[in-house]
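The structure appears right after this line, and notes come after that.
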Amino acid sequence: MAKLTVEQKCEAFWTLHESGCFVLPNPWDAGSAQLLAGMGFKALATTSSGHAWSCAKPDGSMQRDAVLGYIRSIVEATDLPINADFEDGFGESAREVFESAQLAVATGVAGFSIEDSTGDPYAPVRDIQEAAERVCAARDAIDASGSNTLLVARAENFFVGRPDLPDTIKRLQAYAEAGADCLYAPGIKTRDDIAAVVLAVAPKPVNVLIGWNSDLTVKELSAMGVRRVSVGGALARAAWSGFYNAAQALKHGRFDAFPSSPTGSELDEVFRGAAQAKRCDERHR
C-alpha cells in the first residue's frame, strides 16, 4: 500500500476533529510509535517530557534541533497523522517562533502545538497579548507554507500551578482569535472545568490531557464535547515505572519483577511486520 502524503495525513487529521472524540497517545520514540500504530490508534502525538527523559534530560531542556529530529523520527515511523508537542515555539520573539514553526511544518506533521509557558518559575506564563502574537506567528508560518497543518494553542495556567479558570478561558479565546485551530489547557481535571472550556471556545475543538489515573472515560468526554484526548508523558512514565521496579528487584537480588507480556518474540513480530511493510512500500514507490 502506498505511503500517505503529508496532505492526506493532514486531511485525515482534520476529519478526526470534526465530530466524536479520539484518543491521541504519545510515543516517545519510533518503537513506541510503531507499537501504538499497530494497535489501531488513528493518530499519535509526540511528548516533550517522554523524549527528554529518553535523552536523560528534564522536560523543557531539549534544544530545537533535537526536538525537530525527534518529531521527524515519529513522522517517519508510521503512516498515521502526527501532532507535535512543539513546546513554546523555540523563540524569544514572534519572528523566531515564525521561523521555528516553518521548520515544524517541514517535518511532515499533521499538527503542532504552541504553549504560553516561559520556564520561569516567577513568571511561568507569558502576557496574553504576547502569547497571542506568538500563536499568530505560527499561524502565519502555516499559511505561508501552503499546508493544511492544524495549529494547537495551549494555555498552561493549570499545568504550572496557577489554576485560574477565567484567565485560562480568556487566553484560549485570544489564541483562537489569533488563529489556533484547536485549544488545549493541560491540567484541567474536573468535569465542570472541562465543560466550561469546551463551551467557551466552541465550535473549535478542545484537547484534554489525561496524564493521571482518572475515572473519566472517552465516552463521557465525548458527551461533554471534547474532541481529542492525549496522555502526555504518561505512557513514557508507565514504561519507566516497569523498568524502575524491575531494576529495584535486581538490586535486591530478585528476578520476579520482569513483566510476562509482551514477550521478546511478540515485540520482534511487531517490528518485523513494520519493517516488511516499509520495504514493500519502498519497492512500490
Side-chain angles (χ1 to χ4, degrees), residues 4-24 26 42-48 71 74-75 80-91 94 97-98 100-117 126 128-129 131-156 159 168-186 188 194 196-209 221-222 224-230 232:
L4 294 179
T5 65
V6 174
E7 290 76 15
Q8 289 172 322
K9 292 180 184 179
C10 287
E11 182 179 351
F13 199 47
W14 273 94
T15 299
L16 287 173
H17 290 77
E18 291 175 359
S19 62
C21 183
F22 67 100
V23 177
L24 194 64
N26 304 72
K42 297 178 180 179
L44 304 175
T46 68
T47 162
S48 63
I71 293 170
I74 302 299
V75 170
L80 294 179
I82 304 298
N83 191 99
D85 178 349
F86 206 49
E87 305 182 45
D88 70 347
F90 299 96
V97 172
F98 176 89
S100 292
Q102 288 183 308
L103 296 174
V105 171
T107 66
V109 292
F112 67 90
S113 62
I114 298 290
E115 63 193 46
D116 59 9
S117 63
R126 298 180 188 275
I128 294 180
Q129 182 176 349
E133 289 172 355
R134 295 163 69 85
V135 172
C136 186
R139 173 81 270 156
D140 289 345
I142 292 172
D143 293 345
S145 74
S147 73
N148 197 24
T149 311
L150 186 139
L151 178 60
V152 184
R154 297 174 40 153
E156 301 288 291
F159 217 44
T168 297
I169 287 174
K170 184 178 179 182
R171 287 172 177 276
L172 294 177
Q173 290 173 332
Y175 304 159
E177 184 68 24
D181 303 305
C182 178
L183 290 310
Y184 183 11
I188 58 172
I194 293 170
V197 165
V198 169
L199 179 63
V201 302
K204 293 202 173 184
V206 167
N207 184 103
V208 167
L209 172 72
L221 288 165
S222 179
M224 294 166 66
V226 173
R227 285 285 174 262
R228 59 185 232 184
V229 182
S230 58

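Because the structure is a prediction, the values reported are computed rather than measured. The analysis underlying the following values was restricted to heavy atoms, covering all of them including side chains, and did not include hydrogens, waters or symmetry mates.
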Any side-chain heavy atom of Arg154 within less than 4.5 Å of one from Asn207? no
Tell me, please, which residues at least two apart from Phe22 pass ring pair (Phe, Tyr, Trp, His ring centres under 6.0 Å). His17
Counterpart residues, side-chain contact (heavy atoms from CB on, under 4.5 Å), relative to Asn148 (two or more places apart): Cys10, Trp14
Is it true that Arg134 and Asp116 make a salt bridge, defined as a side-chain N closer than 4.0 Å to a carboxylate O? no
Of all the heavy-atom pairs spanning Pro186 and Ala155, show the shortest one and how long it is. CD-O, 3.6 Å
CD of Glu156 to CZ of Arg126: how many Å apart, nearest 0.5 Å? 11.0 Å
What's the spacing between Leu151 CG and Cys182 SG if we round to 0.5 Å? 9.5 Å
Side chain to side chain contact (heavy atoms under 4.5 Å, CB included) with Phe112: of Ile82, Val152, Val105, only one passes, and it is Val105
Shortest non-hydrogen pair, Ala153 vs Ala180, comes out as CB-CB, 3.6 Å
Checking Leu80 now: which residues fulfil side-chain contact (heavy atoms from CB on, under 4.5 Å) with it, not counting sequence neighbours? Ala37, Leu44, Thr78
NZ/Lys170: more than 12 non-hydrogen atoms of other groups inside 6.0 Å: no
With sequence neighbours left out, the residues meeting ring pair (Phe, Tyr, Trp, His ring centres under 6.0 Å) with Phe90 are Phe86
To the nearest 0.5 Å, what is the distance between CZ on Phe159 and OG on Ser117? 9.5 Å
So do Thr5 and Lys9 actually touch side chain to side chain, heavy atoms under 4.5 Å? no
Nearest heavy-atom approach of Ala132 to Tyr175 is N-CE2, 3.8 Å
Do Ile114 and Asp88 have side-chain heavy atoms sitting under 4.5 Å apart? no
Using a 4.5 Å cut-off on heavy atoms from C-beta on, say whether the side chain of Ile71 contacts that of Val109. yes
Looking only at heavy atoms, which two atoms of Gln173 and Ala200 are closest? And how far apart? NE2-O, 3.2 Å
Any chance you could measure Ile194, atom CD1, to Met224, atom CE, to the nearest 0.5 Å? 4.5 Å
Exercise: do Thr46 and Asp85 side chains pair donor with acceptor under 3.5 Å: no
Is any side-chain heavy atom of Val6 closer than 4.5 Å to one of Ser147? no
Of Arg139, Lys204, Arg227, which is the lone residue that meets salt bridge (charged side-chain N to carboxylate O under 4.0 Å, His left out) with Asp181? Arg139
Within the supplied structure, the quantity of interest is the number of heavy atoms (other residues, nucleotides, ligands) at a distance under 6.0 Å from Glu177 CD; does it exceed 12? no
From CA spacing to verdict: side chain to side chain donor-acceptor pair (under 3.5 Å), Asn83, Arg228: CA-CA 11 Å; Asn83 191 99; Arg228 59 185 232 184; 3.3 Å; yes
Work out which heavy atom in Ala141 is nearest to a heavy atom in Ala101; give both atom names and the distance. CB-CB, 3.6 Å
With sequence neighbours left out, the residues meeting side-chain contact (heavy atoms from CB on, under 4.5 Å) with Gln129 are Asp127, Glu133
Is there side-chain contact between Val197 and Leu199, with heavy atoms separated by less than 4.5 Å? no
Should Ser230 and Tyr184 count as side-chain neighbours, where that means a heavy-atom distance under 4.5 Å? yes
Would you name the heavy atoms of Cys21 and Ser222 that are closest together and state the gap between them? CB-CB, 3.5 Å
Not counting sequence neighbours, which residues clear side-chain contact (heavy atoms from CB on, under 4.5 Å) with Thr47? List them please. Asn26, Trp28, Ser49, Tyr70
